[in-house]
Amino acid sequence: MDTIRTDCLVVGAGLAGCSYAHYASRLGLSVVVICSDDLSSGANSQYAQGGIVFDTSYHPEQLKKDIIEASDFTSNEPAVDALVEHGQNAVQSLLLDELDVPFDRDRGGELKYTREGGHSSKRIIFSKDVTGRAILSNLHEYVLSLPNVTVLTGMVAVDLLTLSHNSVDPADKYKPLTCIGAYALDTKTGSIKAIIAKKTILATGGLGQIFQNTTNQPGVVGHGIAMAHRVGARVIDLEYIQFHPTVFLKKNCPLFLVSEAVRGEGGTLVNAAGDSFMDTQHPRKSLAPRDIVARAIHRQLISNGDNCVYIDITSRSPDFIKDRFPSIYERCLNYGVDITREPIPVAPAAHYSCGGVYSDLNGRTSVANLNAIGETACTGLHGANRLASTSLLECLVSAKLTAESDVDDIKAGLFHLPNVHEWHSPDETPDEVLIRQDMKLIKSTMWNYVGLIRSSKRLHRARRILMELDEEISEFYSGNRLTSSLLNLRNAVKTALLVVHAASLNPASKGCHYVAVDDEEIDMPEPESEEMLK
Ligand code: SIN
């Protein structure tokens with residue numbers, strides 16, 4: 001078995017993982033980044049449309065207030081303080097000064113600002129409607145040029161290595177729970193490598209693909225959460241799954257995100273009868289926090305028997321719309337909707353996990369030398385519901401603080417990094433039909449029973465289905481050769497069970513976790529399409 005040794009192993013090459021690589025390498029550490037696809041696909045941050053919080057007339061107290069209010073007053077205050085304290089500087093130094101990301105500017109060269117749900121002012125910078133792509137294409141190129149960073153594409157983390165489980169030295173069984181890297185599958189050759197590291201950083205993004213309808217990229221099933229939980233790390237707040245209120249939904253068409261910025265620029269939510277139903281729901285109307293908008297839409301769908309509502313942006317000029325939202329305009333047009341002339345059909349879909357692997361503000365999890373950053377982590381920043389356009393900012397801040405703390409640890413500490421056991425894998429090729437079918441069952445169970453509005457009966461049913469499936473999948477997993485789809489399935493069922501477990505244990509409706517009262521209608525709308533778009 002090939003073994004690689006490095007200071008830091010980063011699992012995931014989205015904004016959090018790549019920013020960590022930048023900060024750590026600048027501080028003199030060697031870094032290996034692994035990602036399952038090539039760099040230009042895979043990560044959710046690549047597809048972020050809206051933007052990132054940054055404001056030259058910065059009012060930290062107001063931002064803090066908005067984050068806490070959006071969270072339904074559940075955010076962990078020190079985590080909010082860290083974001084508002086370090087966020088401005090991280091955007092300025094990495095994204096503006098170092099990478100020169102092409103954010104939209106006015107004729108005088110000043111940054112343009114937009115607003116999204118839950119924000120009390122215009123404080124979000126953006127690059128048209130492809131902010132994530134604009135940031136990551138510059139960052140990827142930059143990370144590839146760093147001398148002490150090695151990026152290995154086509155590599156999927158299988159399991160974390162710990163001293164107690166994987167060391168060849170039997171005495172290590174008695175050491176405290178400590179991570180020393182990961183086994184990774186090379187999808188090009190099918191071989192397994194051991195990557196041994198002083199620090200292992202989980203930056204695998206969220207878990208949206210465990211739901212039928214989602215804005216997340218294929219394969220985003222909570223890999224980091226499942227792997228961390230398997231070695232005994234604490235995971236928290238997993239009941240708080242944020243559903244994005246507005247995902248394009250039309251019969252026989254793929255789903256894709258219609259950014260909240262469309263509402264920020266004047267788009268209004270209306271139902272099929274043309275009523276602006278948000279006007280009576282919240283003082284911020286169509287720009288209320290996401291959980292409130294998503295539930296209001298859900299109730300419209302149930303009470304009117306419709307499968308979508310609409311965003312109407314036709315009050316803005318066609319030139320403005322095409323210039324500000326070129327990608328959304330093109331994609332909607334491809335599926336027969338000219339958004340300059342007609343409303344956009346939308347419905348909610350799973351978008352963001354506010355919970356994740358417990359981590360402190362320096363990325364440290366409950367397992368020694370295992371870090372989690374970005375969406376994979378949960379510092380309590382978002383509490384029960386995330387404020388729009390804070391996720392990219394969190395990636396930068398958590399990457400920076402974690403790298404800085406890791407360099408101190410690495411300089412100060414002695415690391416015991418023994419050889420690990422060989423990986424043995426059966427030769428049997430897994431049946432892709434079984435994998436696909438199991439995946440469908442996970443996604444439909446989560447969509448129908450663990451969606452926007454939950455009940456204890458449905459959570460109970462979901463748990464039974466998933467537990468049975470988990471047993472089947474474990475057996476299937478141990479009898480077959482490892483493939484990327486088999487690893488997805490194994491982690492998807494684990495993450496789904498963790499979400500169901502967290503939701504079942506929490507009877508209190510807060511933010512994104514809403515438990516139905518009495519005989520409230522809780523059906524999830526029928527999904528229109530199984531295909532997910534990039
Ligand atoms: C959006 O553009 O609506 C998504 C941005 C986010 O999730 O913060």
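Predicted model, so just to flag it, every value in this text is computed and none were measured. Each ligand, and each atom within it, is numbered from 1 in the order the structure gives.
- Screening Glu265, Glu260, His119 against Thr114 for a side chain to side chain donor-acceptor pair (under 3.5 Å) leaves a single residue, Glu265.
- In this structure, a donor-acceptor pair under 3.5 Å is absent between the side chains of Asp129 and Gln49.
- Residues Lys122 and Asp55 are not paired through a salt bridge, judged by the lack of any N-O separation under 4.0 Å between the basic side chain and the carboxylate.
- Between Tyr352 and the choices Glu375, Gln242, His382, Arg290, the side chain to side chain donor-acceptor pair (under 3.5 Å) rule is met once, by His382.
- Lys400 has a carboxylate O that lies under 4.0 Å from a charged side-chain N of Glu404, or vice versa, which qualifies the two as a salt bridge.
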Extract all N/O-N/O pairs under 3.5 Å that connect ligand 1 to the protein, and present each with both atom names and the distance rounded to 0.1 Å.
unit_1	atom_1	unit_2	atom_2	d
ligand 1	2 (O)	Gly50	N	2.9
ligand 1	2 (O)	Ser259	OG	2.7
ligand 1	3 (O)	His244	NE2	2.7
ligand 1	3 (O)	Glu260	N	2.7
ligand 1	7 (O)	Arg290	NH1	3.0
ligand 1	7 (O)	Arg290	NH2	3.2
ligand 1	7 (O)	His351	NE2	2.7
ligand 1	7 (O)	Arg386	NH2	2.7
ligand 1	8 (O)	Arg290	NH2	3.3
ligand 1	8 (O)	Arg386	NH1	3.0
ligand 1	8 (O)	Arg386	NH2	3.4
ligand 1	8 (O)	Ser389	N	2.7

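- The 12-atom threshold is not exceeded at CD of Glu141, counting heavy atoms of other residues, nucleotides or ligands nearer than 6.0 Å.
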